[in-house]
Visitor: 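The structure that follows is given in the form of structure tokens.
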Amino acid sequence: MLKLFNSYSGEIEEFKPIEPGKVSMYVCGPTVYDNPHLGHARCYITWDVAYRYLKFLGYDVTYCRNVTDVDDKILAKAEKEGISPDDVAKKYYDIFTESMNKLNNLKPDLEPFATKNIGEMIAINKKLIENECAYESDGDVYFRVKKFPKYGQLSKQPIDDLVAGARVEASSKKEDVLDFALWKKDEKHGYPSPWGNGRPGWHIECSAMARKHLAPQVDIHAGGADLIFPHHENEIAQSECANGTQFVKYWLHNGFVTINKEKMSKSLGNFVTIDGILENYDTNTIRFFILTNHYRMPVEFNDEALEAASAGVKRLSNAVNNLLSYVGKENLIENIDSEEIGQFKEAMDEDFNSSKALAVMFDLANKGNKAKDENNKDSALKYISSLMTIARVLGFDFEKIEISEEQLKEKLDIIVGEFDFIDKNQSAIEIMNKIIEARNKARTDKDWTTADKIRNELDKIGIVLKDSKDGITIWELK
RNA sequence: GGCGGCAUGGCCAAGUGGUAAGGCAGGAGCCUGCAAAGCUCUUACCCCCAGUUCGAAUCUGGGUGCCGCCUCCA
């Protein structure tokens, strides 16, 4: 039984979807005006794993992640770069998408753009004005916070303290400091509306897209913890006032990536971009690094942590690849149900306890390696099948990339001159076999100098030799 | 100031009141010509004080330290 920490109640709750067997999941997507950083990676990896796990449990999941492509920051960037706001949005959306792909995040089922849903936003605003939950003021539309008594429930903020802490803007068009914009007058870049040309406020975008693309009531709404106030608080107010039903059943929020104990963020400027981090560490390492911590806890970024993650990934991928070649990939058991899969579910059912889930993978790697050492193929097959299943649900891809004949030949050409026994015209595989044969002959002759030289040359081009007990030497990429 | 969270071995980290998962790093050993990979063994009275309890890392109260939200932010 899946249990989730609901930010709204502040408690762990049993997960029961509105409609049995179906889950609607809305995650606040990016505002596309700059390169995504590790904080975004954390957020979207977290919810990617949630999505994968819900599907693994057999739910029919509809995952919707919006794209905010109309925003002050996009306009500012457009100004700065001397291109149109649309081009800014397109450029950074493409970068974002590429980053998500590189991180092995599944594509959401729906990815609505704010600019394509302006009509729905206007419709909600009209409804809210009708309700007197909102009002027009000189081309702007504001939400009347006092009309929604539950305001502050999600963020647990007493409304009086919010008033006290609110910034008082000069020449405000608002009735009350707490009121927030649903629509902003913008004659230059705006869209036509009953209130003149303008742009939607950020909060209304998500309310509109969630309602239009999912339903007035969604099962899960997730995002970074920094969105709790005011973004999600405002979404609740708007949606519930407009729809007359509860907006979200389970509010889920992920913690931050920190650097020197401080939140990594655009405004602090202490961020590492996803592309930047991928230059030094691979996808699995980043995912592993993120998943070692529970999703609600902060994750401290530093090289030691990434190195540790990288070493952990290496251990798992060694086990996976060694075991796959031992049992034969084609023999893997589909949909295996084992004791370890049970432990994995138990872990993930506890509010996505990924840290425990990783421990199950290490346990399987260890058991699998042992089974292989003992030459127990049946056991090994069971363990690797379970391990592969878990890896898939967590979004890992541990399998070594197959190198093509051409790529191998290209590599070998670099070192082939070192060996006089090689005929350059042979195929890459033949050359590899020749090299290994030559080294094994040297080993038999106890000519360690030659044997080591061959191994070192191969190491230079990223090929590692592994001698096994039965006298067979295999090669693989580093 | 208001609200919320966190403090577990050298580092990261899980932990549902009964005597501390896992990973990384380190050490010892096995295997190996040497490696690589793998296997085995190995390092904790859980920030401090008080309380509840037969029993607390886990509950309560009080400290101390760190962080987040309260403004755009994943």
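Just so you know, these numbers come straight off a predicted model, no measurement behind them. Here is the naming used below: chain letters follow the sequence lines, and residue numbers restart at 1 for every chain.
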Visitor: With a non-hydrogen cut-off below 4.0 angstrom, is A/P230 in contact with a base, only sugar-phosphate, or nothing?
Guide: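 A/P230: backbone/sugar contact only, no base atoms under 4.0 Å.
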Visitor: Just call it for A/K446: base, sugar-phosphate, or nothing, with non-hydrogen atoms closer than 4.0 Å on any strand.
Guide: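 The residue A/K446 makes no contact with any strand.
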Visitor: When we call it a touch if two heavy atoms are under 4.0 Å apart, what does A/F256 touch: a base, just sugar-phosphate, or nothing?
Guide: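 Base contact.
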Visitor: Between the base of B/rG38 and the side chain of A/N318, is one N or O donor paired with an acceptor at under 3.5 angstrom?
Guide: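 Looking at the base of B/rG38, it does not pair with any donor or acceptor on the side chain of A/N318 (distance under 3.5 Å).
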Visitor: So what does A/K367 hit on the nucleic acid, given a heavy-atom distance under 4.0 Å: a base, only sugar-phosphate, or nothing?
Guide: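 Since no nucleic acid heavy atom lies under 4.0 Å of A/K367, the category is nothing.
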Visitor: Nearest to the side chain of A/D452, which nucleotide is it out of B/rG22, B/rC34, B/rA74?
Guide: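 Given the options B/rG22, B/rC34, B/rA74, the side chain of A/D452 is closest to B/rC34.
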Visitor: Any chance the side chains of A/Y8 and A/Q153 put a donor and an acceptor closer than 3.5 Å?
Guide: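 Yes.
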Visitor: In the strands shown, is B/rG29 matched to any nucleotide by a Watson-Crick or G-U wobble pair with both distances under 3.5 Å, and which?
Guide: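 Pairing partner, where one exists within any strand: B/rC39.
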Visitor: Measure from CD1 on A/I454 to C1' on B/rG33 and round the result to the nearest Å.
Guide: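 So the CD1-C1' distance, A/I454 to B/rG33, works out to 15 Å.
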Visitor: Tell me whether A/W448 is stacked on the nucleobase of B/rG33, counting only the six-membered base ring and applying the 5.5 Å and 30° thresholds.
Guide: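 A/W448 ring centre within cut-off of B/rG33 base, planes near parallel; stacks.
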Visitor: Across all strands, who's sitting opposite B/rG17 as a Watson-Crick or G-U wobble pair, both distances under 3.5 Å?
Guide: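 Partner of B/rG17: none found under 3.5 Å.
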Visitor: Would you mind classifying the nucleic acid contact of A/D467 as base, sugar-phosphate or nothing, using non-hydrogen atoms under 4.0 angstrom?
Guide: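 Result for A/D467 = base.
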Visitor: Output, in order, the C-alpha distance, side-chain angles, deciding distance and verdict of salt bridge (Lys or Arg N to Asp or Glu O under 4.0 Å) for A/R439 and A/D467.
Guide: CA-CA 11 Å; A/R439 176 167 164 275; A/D467 301 324; 2.8 Å; yes
Visitor: Using a heavy-atom cut-off of under 4.0 Å over every strand shown, decide if A/G255 touches base, sugar-phosphate, or nothing.
Guide: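 Answer is base: heavy atoms of A/G255 come under 4.0 Å of a base.
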Visitor: Would you mind reading off the distance between A/R315 atom CZ and B/rG38 atom C1', rounded to a whole angstrom?
Guide: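 From A/R315 CZ to B/rG38 C1': 9 Å.
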Visitor: Can you tell me how far P of B/rA36 sits from CD of A/E457, to the nearest Å?
Guide: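 The distance from CD of A/E457 to P of B/rA36 comes to 19 Å, rounded to the nearest Å.
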Visitor: Would you give a per-nucleotide map of nucleotides 2-13 of chain B, 5' to 3', where B means the base has a protein non-hydrogen atom under 4.0 Å away, S means only the sugar-phosphate does, and - means neither?
Guide: BS--S------S
Visitor: Does A/N353 make a side-chain N or O approach to OP1 or OP2 of B/rG15 shorter than 4.0 Å?
Guide: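 Yes, because at least one side-chain N or O of A/N353 sits under 4.0 Å from OP1 or OP2 of B/rG15.
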Visitor: Check the side chains of A/N66 and A/Y26 for a donor-acceptor pair under 3.5 angstrom, ignoring hydrogens and angles.
Guide: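 Present: a donor and an acceptor within the cut-off.
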Visitor: Please name the nucleotide paired to B/rU58 by Watson-Crick or G-U wobble geometry with both distances under 3.5 Å, or report none.
Guide: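 Pairing partner: none.
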Visitor: Measure CG/A/L227 against C1'/B/rC70 and give the value in whole Å, please.
Guide: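 Checked: the CG to C1' distance equals 14 Å.
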Visitor: Any idea which of B/rG68, B/rG23, B/rC72 is nearest the A/K73 side chain?
Guide: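 From the listed options, B/rC72 comes nearest.
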Visitor: At under 4.0 Å between heavy atoms, what does A/L268 touch on the DNA or RNA strands: base, sugar-phosphate, or nothing?
Guide: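 It contacts nothing in the nucleic acid.
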Visitor: Give A/V27 one of three labels, base, sugar-phosphate or nothing, depending on what nucleic acid heavy atoms sit under 4.0 Å from its own.
Guide: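 Here A/V27 touches no strand at all.
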Visitor: Checking side-chain polar atoms at under 3.5 Å, does A/Y151 have a donor or acceptor matched by the opposite partner on A/N234?
Guide: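 Yes - a donor-acceptor pair under 3.5 Å links their side chains.
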Visitor: Starting at CG of A/N322 and ending at C1' of B/rC39, how long is that distance when rounded to a whole Å?
Guide: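 A/N322 atom CG is separated from B/rC39 atom C1' by 13 Å.
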Visitor: OP1 or OP2 of B/rG38 less than 4.0 angstrom from a side-chain nitrogen or oxygen of A/K466, does that happen here?
Guide: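 The answer is no; no side-chain N or O of A/K466 sits under 4.0 Å from OP1 or OP2.
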Visitor: Would you say the side chains of A/T68 and A/D71 form a donor-acceptor pair under 3.5 Å?
Guide: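 Looking only at side-chain atoms, A/D71 and A/T68 do not form any donor-acceptor pair under 3.5 Å.
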Visitor: For A/T31 and for A/L358, find the nucleotide of RNA chain B with the closest heavy atom, then tell me which residue's nucleotide is more 5'.
Guide: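 Closer to the 5' end of RNA chain B: A/L358.
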Visitor: For A/D226 and B/rC67, give me the distance from atom CG to atom P, rounded to whole Å.
Guide: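 Rounding to the nearest Å, CG of A/D226 and P of B/rC67 are 17 Å apart.
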Visitor: Partner of B/rA7 by Watson-Crick or G-U wobble geometry, both contacts under 3.5 Å, or none?
Guide: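 Across all strands, the one nucleotide that pairs with B/rA7 is B/rU64.
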Visitor: Checking contacts here: which listed nucleotide (B/rA74, B/rC69, B/rC39) is nearest the side-chain heavy atoms of A/N254?
Guide: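 Closest of the options to the side chain of A/N254: B/rA74.
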Visitor: Tell me, do A/F344 and A/L394 make a side-chain contact under 4.5 Å, heavy atoms counted?
Guide: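 Yes, their side chains come closer than 4.5 Å.
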Visitor: With rounding to the closest Å, how many angstrom separate the P atoms on B/rC59 and B/rC6?
Guide: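 Their P atoms lie roughly 10 Å apart.
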Visitor: So, for A/W47 and A/Y295, is the gap between ring centers shorter than 6.0 Å?
Guide: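 Under 6.0 Å, so yes.
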Visitor: How would you label the contact of A/N366 with the nucleic acid (heavy atoms, under 4.0 Å): base, sugar-phosphate, or nothing?
Guide: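 Result for A/N366 = sugar-phosphate.
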Visitor: Look at the side chain of A/R42 and the base of B/rA74, then say whether one donor and one acceptor between them are separated by less than 3.5 Å.
Guide: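 No.
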Visitor: Without decimals, in angstroms, what is the distance between A/I277 CD1 and B/rA74 P?
Guide: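 Distance check: A/I277 CD1 to B/rA74 P gives 18 Å.
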Visitor: Using a 4.0 Å heavy-atom cut-off, does A/G39 contact any base of the nucleic acid, only the sugar-phosphate backbone, or nothing at all?
Guide: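 Base: the residue A/G39, judged by heavy atoms under 4.0 Å, touches a nucleobase.
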Visitor: In residues 29-37 of chain A, what donor-acceptor pairs under 3.5 Å come from side-chain atoms, sequence neighbours left out?
Guide:
| residue | atom | partner | partner atom | Å |
| --- | --- | --- | --- | --- |
| A/H37 | ND1 | A/G39 | N | 2.9 |

Visitor: Rounding to an integer number of Å, can you tell me how far A/L364 CG sits from B/rG38 P?
Guide: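 Distance check: A/L364 CG to B/rG38 P gives 15 Å.
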Visitor: Determine whether a donor-acceptor pair (one donor, one acceptor, N or O, separation below 3.5 Å) exists between the side chain of A/N260 and the base of B/rC67.
Guide: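 A donor-acceptor contact between them is absent.
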Visitor: Show the numbers, then the answer: is there a side-chain hydrogen bond (donor to acceptor under 3.5 Å, both in side chains) between A/Y93 and A/E111?
Guide: CA-CA 11 Å; A/Y93 170 70; A/E111 218 177 357; 2.9 Å; yes
Visitor: Please check the phosphate of B/rA37 (OP1 and OP2 only) for any side-chain N or O of A/K372 closer than 4.0 Å.
Guide: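 The answer is no; no side-chain N or O of A/K372 sits under 4.0 Å from OP1 or OP2.
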Visitor: Would you call A/K3-A/E13 a salt bridge at under 4.0 Å N-O?
Guide: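 The answer is no: the pair does not qualify as a salt bridge.
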